[in-house]
Structures are given as C-alpha cells and as structure tokens.
Amino acid sequence: MAMQATASFSKLFLSRLMHQYPTTLDRDGVSGKRVATRLAELSKIGLTDEDGSYRMSFSDEERAAKELVKVWMKEAGLSIYEDGAGNVFGSLQGKDQEQSILSGSHLDSVPNGGHFDGPLGVLAALEVAQAWQETGYIPQTNFEVVIFTDEEGARFNGGLTGSRAMAGEIDMATQVKLVDYQGKPFEQVLKEHSLTLKGFSGSKRSLDKVKAYVEVHIEQGKQLEERNLSTGVVTGIAGPSWLTITFKGKAGHAGNTPMIGRKDPLVAAGEFTFRLKDIPGQVSSSGVATVGKLEVSPNGVNVIPGEVKLTADLRDIDEQWKQQIVEQVKYLIKEIEDKHGIEVDVQETLNVTPVKLPGKMQEIVAEATEQATGKKAFHLPSGAGHDAMVLGRHVPTAMLFTNSKDGVSHNPKEWSSLEHCVETIHALKKTLESIDQKDRSELI
C-alpha cells in the first residue's frame, strides 16, 4: 500500500478511536490518546489493500512492529532484552529482584487480519508500565512487558512458538523439520532474521521465578457486547489441535479423463470438509472444527488435481473431549481414503492442552474489573488459543477480555472501542498491583 494511503488510513483509524472517547478515563497515569496513537502507528505496519494487517511471524513487518514498541518501551523507562526466539521483554525493576510479573501478547497477525488482536495486549501492559512511571509507583516485583513471537502460527501451521520456546515446550527435532508457506525450512527463516537454532533452543526460561502472567486480549466473540460490558474475566482456554492433511490422487486432463476411475483428491477433500462440521457436536457443545486453509496442486482450470493439502483446526475447552474429536476426525479420514481410493497423509502440527485458569487469579481479576468499570464481573471461557495457554501450565495466569464489536476477529473489520480498551487497561493495572502485593503461593 502506498505511503500516502497508509498515512491516511492511520489518521482515520486514530480519529475513529478518539471519537466520543470519555476523557474521564484518563486517570492514574493512563492515557487513552497515547494508547490510540500507538494502535494507529502500529496499524501502518503491514497494512493491506483491504485496510487489514499482515505481519507474518519472522517477517520484516513483525520485526518493524517490535522495533517500534521498543522505542515506546524506552520512553516508559524499561530496559529491553530479546531472547533467541525473538521474544522481546521490556523490564521495570522492582524492589524484589528475585521474581517477575509478566504481561503482554503478540504483534504478528494472520493474513489480512485486524489491528487489535495481539497489539492491544502488548500496549495495555506497556500503558500500565508507563502509568506507573508517571505516578511514581515502584512495584515490589520486577514487571516485564512481553512481545511473544509467532502466536498466530500462520507461517508454519503451528502457533504459540515464542511462548512455547520460552517455556521449554518445543521439541527441536520436530521444529527443524517445519517449512513455511514458501517452502523455506525453519532454520533458514531464523537465519534470515538474525536468529539461530542454538539461540532458539536456548530461549527456555526458568519459570519458577515468574510470579504470574496476565494477558489482555480482545474477546473475539459477542458475549461482552451482548451484556454491554467492556471487560471480561476468562475462566479457561480451549486447546487447539491442528491436523495438516494431504490428499494424494492422480492428476489428469479435465477433458480426456473419464469420470469413472478418477482419483480426484479435491473431491475427497471436499467431502471431508463438508462432513467435518458435524463431528464436534457429536462430542460436546463447546467443540469446534474448521478448515481455513487449502492448497490445490497444480491448481489449473483444466487439470484434475494431483494433490490437495488442508489444515483442520480442532478445539475444545476439555482435553478429553478434544481428543475424542481428533479421533473421530481421523476415523473420517480413513473412511474417505478407502472410499475414494486415494492416499491420505496426516501430520499433527500443533497440539495444545486446554488450560483452566486458577480460581484465585480469577478472583483478583474480577475484583479489579468491578473496581475499574463499576459493573459486576462477568466470567467466560476462551475458545481461541493464546500465549496464556502455554504460561498457564507453568505459572499462575489470568486473562482479561475486551469487548469485540460484532464478535469480528482475524478480519480488517475487527474493532474494540477506545473506551472499552482503556477500561480494560485500568482493570489490568489494578490486577497487576494486587498481584504485586501477594506471594506466588497466594495466586494458585
């Protein structure tokens, strides 16, 4: 997108955010205009022709966004370091140097995504740090604003890469076999962005020194909007399993190959996609299954495809239910393979266990939310995966959701009003201050 058009969009984006914003929310060091301006500045990086965001992980755009936030981290008085996975940390020194409280999210996006998914969580944590600096608050515990690398997983069909690397959950033997959408091996992608396999594997951190992790994220649903609430308390996070499924048939001429005897992998993939939608409901009311990515080869108008590759995203908030869905999907694949006389290869590229967030952490967030918004706290689960899933397996973790207009996400129309964003930031600030005064044992 041309520079002039990008600047024009950013200006309109900022104007829309500031429209009818109640400045009474500018208190305790928190500035709505600062948050809005930073969201608008980030929107310029990777702006698409449809006014969406395209910041692929390990890309120049993701790097540019990280470097911009580093500038703001310095303005907030934070010391900055980056690990071997590309995760960025801005640290505010507390009175107790032994532990840290982490808060943040990610800056990468899906192709043609929105401008709030990820950046809001990073800027919310940064705004708390800046508010503390301006009001003279010195935390008891070190506070770190974190930008995790590759949360979305659009590049390698497997997300939460930065947080999993930090938690030591990545099997490097599997990781090095990954190739991106351009066919580039994982190691090559790292090298192109001044990272190494040794550094990546060495990014594991001692999480027993992390007192807690708190993440702000847009809801990506309508429950808060339907209740006219800005902020919600997350109870747990559904775990995704991603199956990359390759249907291998026999390519041929569309005109000269009789219908009888064809081995068309796209027909098989089409049947699979159609029948997939019925599986989750046979297991639970909270399960979902989606095919959102499909590649046809050789992708010619007059050619019967020789191969079709797709990714099935399977989720549930209960691990046992999720595994039942996965098993039924694999049974369906075998049935279709036999029916169509083709070969089907299945690779699981991501399997994240659902996480139930600690009741004590939920109580802290609920109290903070009620103080910040003046409304009774509303608890809700997350159907989408987040870095909080990974951290939640190792440290006391909490999530705050921000109202999403029309529940739209991963789309240029994604929107959260500045009023709702800032109310959530106030709730985050109170949450972090409460956690700061407690021992880690009181959070579990």
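What you see is a predicted model; the values in this text were computed from it and never measured.
The main-chain N or O of Arg55 is never found under 3.5 Å from a side-chain atom of Ser59 such that the two would form a donor-acceptor pair. The closest donor-acceptor contact from the side chain of Asp316 to the backbone of Lys322 lies at 3.5 Å or more, if one exists at all. At distances below 3.5 Å, not a single donor-acceptor pair connects side-chain atoms of Thr424 with backbone N or O atoms of Thr402. Of the possible donor and acceptor atoms, none in the side chain of Thr290 sits under 3.5 Å from a partner among the backbone N and O of Gly292. In this structure a side-chain-to-backbone donor-acceptor pair under 3.5 Å is present from Asp436 to Gln140. The backbone N or O of Ala377 lies less than 3.5 Å from a partner atom in the side chain of Glu370, making a donor-acceptor pair. With Ser103 contributing its side chain and Ala125 its backbone, the two residues share no donor-acceptor pair below 3.5 Å. A donor-acceptor pair is defined here as one N or O able to donate and one able to accept, closer than 3.5 Å; no such pair exists between the side chain of Arg393 and the backbone of Ala388. Formation of a donor-acceptor pair under 3.5 Å by the Thr373 side chain with backbone atoms of Thr369 is found in this model. Proximity of a side-chain donor or acceptor of Tyr213 to a complementary backbone N or O of Gly104 within less than 3.5 Å is detected.
Atom OH of Tyr81 is surrounded by more than 12 heavy atoms from other residues, nucleotides or ligands within 6.0 Å. Annotation for Lys413: atom NZ does not count as buried by contact number, only 12 or fewer foreign heavy atoms lying within 6.0 Å. Residue-environment remark: NZ (Lys293) exceeds the threshold of 12 foreign heavy atoms within 6.0 Å. Atom CD1 of Ile444 sits in a crowded spot, with more than 12 heavy atoms from other residues, nucleotides or ligands closer than 6.0 Å. For Gln320, the CD atom is loosely surrounded, since the number of other residues' heavy atoms within 6.0 Å does not exceed 12. By the neighbour-count criterion of 12 heavy atoms within 6.0 Å, atom CG of Asp171 is densely surrounded, having more than that number from other residues, nucleotides or ligands. Within a 6.0 Å sphere centred on CD of Gln282, heavy atoms belonging to other residues, nucleotides or ligands number more than 12.
Between Val308 and Leu294, some side-chain heavy-atom pair lies under the 4.5 Å cut-off. In this structure, the side chains of Leu123 and Leu39 come closer than 4.5 Å at one or more pairs of heavy atoms. Within the 4.5 Å cutoff, side-chain heavy atoms of Gln223 are placed close to those of Phe378. For the pair Met166 and Leu391, the minimum side-chain heavy-atom distance is below 4.5 Å. Side chains of Lys438 and Leu443 form a contact here, defined as non-hydrogen atoms less than 4.5 Å apart. The shortest distance between side-chain heavy atoms of Leu310 and Glu295 does not fall below 4.5 Å. Residues Glu187 and Val176 fail the side-chain proximity criterion, which asks for heavy atoms closer than 4.5 Å.
The side chain to side chain donor-acceptor pair (under 3.5 Å) test applied to His394 returns Glu169, not counting sequence neighbours. Qualifying side chain to side chain donor-acceptor pair (under 3.5 Å) partners for Ser409, counting only residues two or more places apart in sequence or in other chains: Gln220, Glu414. Lys11 meets the salt bridge (Lys or Arg N to Asp or Glu O under 4.0 Å) test with no other residue; sequence neighbours excluded. Remark: Tyr331 engages Glu335 in a side-chain contact (heavy atoms from CB on, under 4.5 Å) (not counting sequence neighbours). Annotation: ring pair (Phe, Tyr, Trp, His ring centres under 6.0 Å) contacts of Tyr137 (sequence neighbours excluded): Trp132. Residues forming a salt bridge (Lys or Arg N to Asp or Glu O under 4.0 Å) with Glu67 (at least two apart in sequence, or on another chain): Arg63, Lys70. Residues that satisfy the side chain to side chain donor-acceptor pair (under 3.5 Å) test with Arg315, not counting sequence neighbours, are Asp313. For Lys405, the side-chain contact (heavy atoms from CB on, under 4.5 Å) partners two or more places apart in sequence, or in a different chain, are Arg16, Glu225, Trp415. Judged as a salt bridge (Lys or Arg N to Asp or Glu O under 4.0 Å), and not counting sequence neighbours, the contacts of Arg34 are Glu127, Glu134. Partners of Lys184 under the salt bridge (Lys or Arg N to Asp or Glu O under 4.0 Å) rule, at least two apart in sequence or in another chain, are Glu192.
Side-chain polar atoms of Thr48 and Asn112 form a donor-acceptor pair below 3.5 angstrom. A donor-acceptor contact closer than 3.5 angstrom links the side chains of Ser105 and Glu215. Using a 3.5 Å distance cut-off with no hydrogens or angles, the side chains of Ser441 and Asp439 do not pair a donor with an acceptor. Side-chain contact check for Gln437 and Glu433: no donor-acceptor pair (N or O, by modelled atom type) lies under 3.5 Å. One side chain, Tyr21 or Asp26, offers a donor N or O that lies under 3.5 Å from an acceptor on the other. Residues Glu219 and Ser404 have side chains that never bring a donor and an acceptor to within less than 3.5 angstrom of each other. Ser382 and His386 form a side-chain donor-acceptor contact under 3.5 Å, judged by distance and modelled atom types alone. Looking at His426 and Asp28, their side chains never bring a donor and an acceptor atom within 3.5 Å of each other.
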Practice task
Determine, stepwise, if the pair Arg155 / Asp180 fulfils salt bridge (charged side-chain N to carboxylate O under 4.0 Å, His left out).
Solution key: CA-CA 5 Å; Arg155 183 151 204 161; Asp180 72 1; 3.0 Å; yes

Practice task
Could you give me the CA-CA distance, side-chain angles and deciding distance for Thr246 and Lys309, then say whether side-chain hydrogen bond (donor to acceptor under 3.5 Å, both in side chains) is met?
Solution key: CA-CA 4 Å; Thr246 305; Lys309 180 183 290 187; 4.7 Å; no

Practice task
Take Phe186 and Phe200 through the ring pair (Phe, Tyr, Trp, His ring centres under 6.0 Å) test and state the conclusion after the steps.
Solution key: CA-CA 11 Å; Phe186 181 71; Phe200 182 88; 5.1 Å; yes

Please list, one pair per line, the donor and acceptor atoms closer than 3.5 Å that link side chains of residues 85-95 to other protein atoms, with sequence neighbours excluded.
| residue | atom | partner | partner atom | Å |
| --- | --- | --- | --- | --- |
| Asn87 | OD1 | Thr149 | N | 2.9 |
| Asn87 | ND2 | Asp83 | OD2 | 3.0 |
| Asn87 | ND2 | Gly162 | O | 2.9 |

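For residues 94-115, the set of pairs meeting the ring-ring contact (aromatic ring centres under 6.0 Å, His included) definition, not counting sequence neighbours, comprises Phe9-His115, Phe13-His115.
Taking both residues in full, the closest heavy atoms of Ala427 and Leu400 are given as CB-CD2, 3.6 Å, listed atom of the first, atom of the second, then distance. Nearest heavy atoms, Ala36 versus Leu418: CB-CD2, 3.8 Å. The shortest non-hydrogen separation linking Ser416 to Phe116 is O-CE2, 3.4 Å. Residue Asp150 comes nearest to Glu62 through the heavy atom pair N-OE2, 3.5 Å, listed as atom of the first residue, atom of the second, then distance. Heavy-atom minimum distance, Ile170 versus Ala165: CD1-N, 3.8 Å. Shortest non-hydrogen contact noted between Ser100 and Glu144 is OG-OE2, 2.8 Å.
Applying the side chain to side chain contact (heavy atoms under 4.5 Å, CB included) test between Val365 and each of Val234, Val233, Ile435, Leu357 identifies Val233 as the sole match.
A salt bridge does not link Arg38 with Glu41: none of the charged nitrogens is closer than 4.0 Å to a carboxylate oxygen.
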